[in-house]
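Here's the structure, in structure tokens; my notes come after.
Just so you know, these numbers use all the heavy atoms, side chains as well, and skip hydrogens, waters and symmetry mates. Everything numeric here is computed off the predicted structure, so don't read it as measured data. Below, read A as the first sequence line, B as the second, and so on, with proteins coming before strands; counting in each chain starts at 1.
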There are 2 protein chains.
Amino acid sequence: MNLRELSDLLGLSQTTVSRALNGYPEVREATRKRVAEAAKAHNYHPNTRAKSLATGRTMSIGHVIPLSSQHEMVNCVFSDFIAGAGESYARRGYDMRVSVVDDAEEAEAYMRLAQTGKVDGVIVHGPRLDDERIPLLHNLGLPFVVHGRSTNCETPYSWLDVNNRSAFRRATDFLLDLGHRRFGLVNGIEEMDFAHRRRDGYTSALQDRGIVVDPALTHAFEMTEPFGYAKTCEMLDGDAPPTAIIASSLIPALGVRRAVEERGLVMGKDVSIICFDDALSYLPNGAGSPIFTATRSSVRDAGRRCGEMLMDQIEGQTTDPVHELWEAELVVGGSTGPAPMAT
Amino acid sequence: MNLRELSDLLGLSQTTVSRALNGYPEVREATRKRVAEAAKAHNYHPNTRAKSLATGRTMSIGHVIPLSSQHEMVNCVFSDFIAGAGESYARRGYDMRVSVVDDAEEAEAYMRLAQTGKVDGVIVHGPRLDDERIPLLHNLGLPFVVHGRSTNCETPYSWLDVNNRSAFRRATDFLLDLGHRRFGLVNGIEEMDFAHRRRDGYTSALQDRGIVVDPALTHAFEMTEPFGYAKTCEMLDGDAPPTAIIASSLIPALGVRRAVEERGLVMGKDVSIICFDDALSYLPNGAGSPIFTATRSSVRDAGRRCGEMLMDQIEGQTTDPVHELWEAELVVGGSTGPAPMAT
DNA sequence: ATCGTTTTCCAAAGCGCTTTGGATATCTGC
DNA sequence: GCAGATATCCAAAGCGCTTTGGAAAACGAT
């Protein structure tokens, strides 16, 4: 059943039927009702392809995820983000178009999305320092919202970010207040903007108290359990093991804990652990009381909000770049405690 | 730059230009070259919307993910699956359209996808027993491939599944051979077909050795860390604690381990643990030697293959339903050992 | 009754591509 | 040199919707 068949059936023109269904005012209430009923009775639904050709809108948002052998973008965090974004999309009749591309072809993927008119806008994931995607999208004229920020980028753009610097600063201060003086950092890859800012918050907190950052105790890599484990083993087995470790995410923190406990040490007593918790729905930081003391901010909520910001932009409800900086909350769990007496 | 502009510029008809670019034979090699060069020079890319209206094909595959407050479909496993599927899609010029829907509207979402012509086919995730989506899609005539199977479903359909029954049977046998006689099961929700089959493999292995399944030691719920933890606490603190626990996934297994170690018990000695490992890229079961003894099958590979099966079906390369049953491999890690002497 | 509005509807022209059904030009073999 | 095949190209008709620019009908005020 297409529009022509439906309008023939009703003895009306396609124009009128189309307008009736799309809520235009120039159609009598009685006819509108008649049309609506016929549409429902015959289970008519406008063909999306034709509709988007006619309107120039696709009602879909692009997410391009680079698939490199090195960094795993398609991870837990990503899936919770899109769950949130998808919710917002659904509420306003959009959906999401995901393209997985080799990371060497990422820029080209964005160009293709813009040129072929596949999407109405895109979300930029995992911005790096001075991220080249931002000026690219700006020039392409494709609406976009960045989840995170890009240090050094001069192009104006809309973003939503967690205050990673203050989150790690507060985490570090919290541990300092507990008497810890020797820290380990298990960070994410520091070309990523969020990891860069976290490192910055961490070092600035230490420097403010006159503590020198030990390069042997700062690590940055993929946020996996084995990485957290391996680096913690190294640190604990080294000359001057840390009494507190800050991890970039719950997942490496699990590895940190494994290394700690494997050595017969007690978490929260011998070694304190703080991590960043993205509040992932399927990997909660304990039920009820948190396992790990953590700086928490829901990535799912971020997805929801990013989606809304982008749709607003597409629909022209906003024109200037919009920024939102969210503060993470510090939740205290069982993984932290006063620094042990010096050995 | 659209087709008309390009053809005007070349002094050719749209027909010829279109054919030249799409590799049809009725165009001279010299003109084809000339067209290709002009297209590249002017950065011409055909408009996707127009193309799909004309061809009736969208070159995209639908994934609908129900978002219930109860079960979290959008989880780690899902994101690795779509990474694999996305790879296959990209290789053949497809991409993926994800719609997040309230789980009450799931059936309607599939109908809408079919009626509005948004996608060329869909992947069905997380089939339940007697899953109603399968006959629905069959009737709609929309090509689909099921990741998993649906017990009791009579409609013929294409699927790819891991042999969950044999995986759990082998895991149970492995533990039986080590002398364990008292087991705990931390399963997924048993309305889900995969969890149902796993339970079946588990109970049949026990029954074959004349062991009665203790309902107090079999649990089924969301596959989260806190659930694994909570149920293991219950079991270990009960009258007759198990010496071996089988978990449905790495994530609850982490909770199981936490409960075990919290009680001063040693994993692989006091309590053996086996889990199903989906070989998630960002949550590997150890680097090098596995942490957990596990039955392993890569969900990412499954995504890749499902994508291919579906595209083959869409392009008419296959006509009859296709089935693939993958065997999981049993990898032995440090979480299992001989049953402790009876207390 | 008449003229200007307003309401209600429609025919037709896109949107940018593919594809059908020729038309014209170029080869064959004899 | 010519009929028949073959290679090369084109005009025009879709695909199924939206939207423009009226036309016809109904209405209101004089």
Value in whole Å for how far the [atom2] atom of [N] lies from [atom1] of [X]:
| X | N | atom1 | atom2 | result |
| --- | --- | --- | --- | --- |
| B/Y44 | C/dG16 | OH | P | 10 Å |
| B/D8 | D/dC10 | CG | C1' | 13 Å |
| B/L10 | D/dC9 | CG | P | 11 Å |
| A/N2 | D/dT18 | CG | P | 12 Å |
| B/M1 | C/dC17 | CE | P | 11 Å |
| B/K118 | D/dG16 | NZ | C1' | 15 Å |
| B/L12 | D/dA7 | CG | P | 19 Å |
| B/E26 | C/dG22 | CD | C1' | 13 Å |

Nearest-nucleotide 5' precedence on DNA chain D, B/V27 against B/L53: B/V27

B/A54 or B/S13, whichever maps to the more 5' nucleotide of DNA chain D: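 Mapping each residue to its closest nucleotide by heavy atoms, the 5'-most match is B/S13.
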
[X] side-chain N/O to [N] phosphate OP1/OP2 under 4.0 Å:
| X | N | result |
| --- | --- | --- |
| A/Y24 | C/dT8 | no |
| B/N22 | C/dT18 | yes |
| A/K51 | D/dT18 | yes |
| A/R28 | C/dC9 | yes |
| A/T16 | C/dC10 | yes |
| B/T31 | D/dC9 | yes |
| B/S18 | C/dC17 | no |

Sugar-phosphate only, base, or nothing, as touched by A/T55 at under 4.0 Å among non-hydrogen atoms: sugar-phosphate

Touch class at under 4.0 angstrom, heavy-atom based, for A/G11 against every strand present: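 A/G11: backbone/sugar contact only, no base atoms under 4.0 Å.
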
Ignoring hydrogens and geometry beyond distance, is a side-chain donor-acceptor pair present between [X] and [Y] at under 3.5 Å?
| X | Y | answer |
| --- | --- | --- |
| B/D193 | B/S150 | no |
| A/D120 | A/S60 | no |
| A/R57 | A/Y94 | yes |

Options D/dC17, D/dG21, C/dT19, nucleotide nearest the side-chain atoms of A/R19: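 For the A/R19 side chain, the nearest candidate turns out to be D/dG21.
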
Check: C/dT19 base within 3.5 Å donor-acceptor of B/T15 side chain: yes

Check ion pair B/E191-B/R128 (N to O, under 4.0 angstrom):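 Between B/R128 and B/E191 there is no salt bridge, as every charged N stays at least 4.0 Å from the carboxylate O atoms.
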
Minimum heavy-atom distance between B/M311 and B/S88, given as atom pair plus value: CE-O, 3.4 Å

Salt bridge (Lys or Arg N to Asp or Glu O under 4.0 Å) between A/E108 and A/R112, worked out: CA-CA 6 Å; A/E108 203 179 307; A/R112 206 53 34 86; 3.6 Å; yes

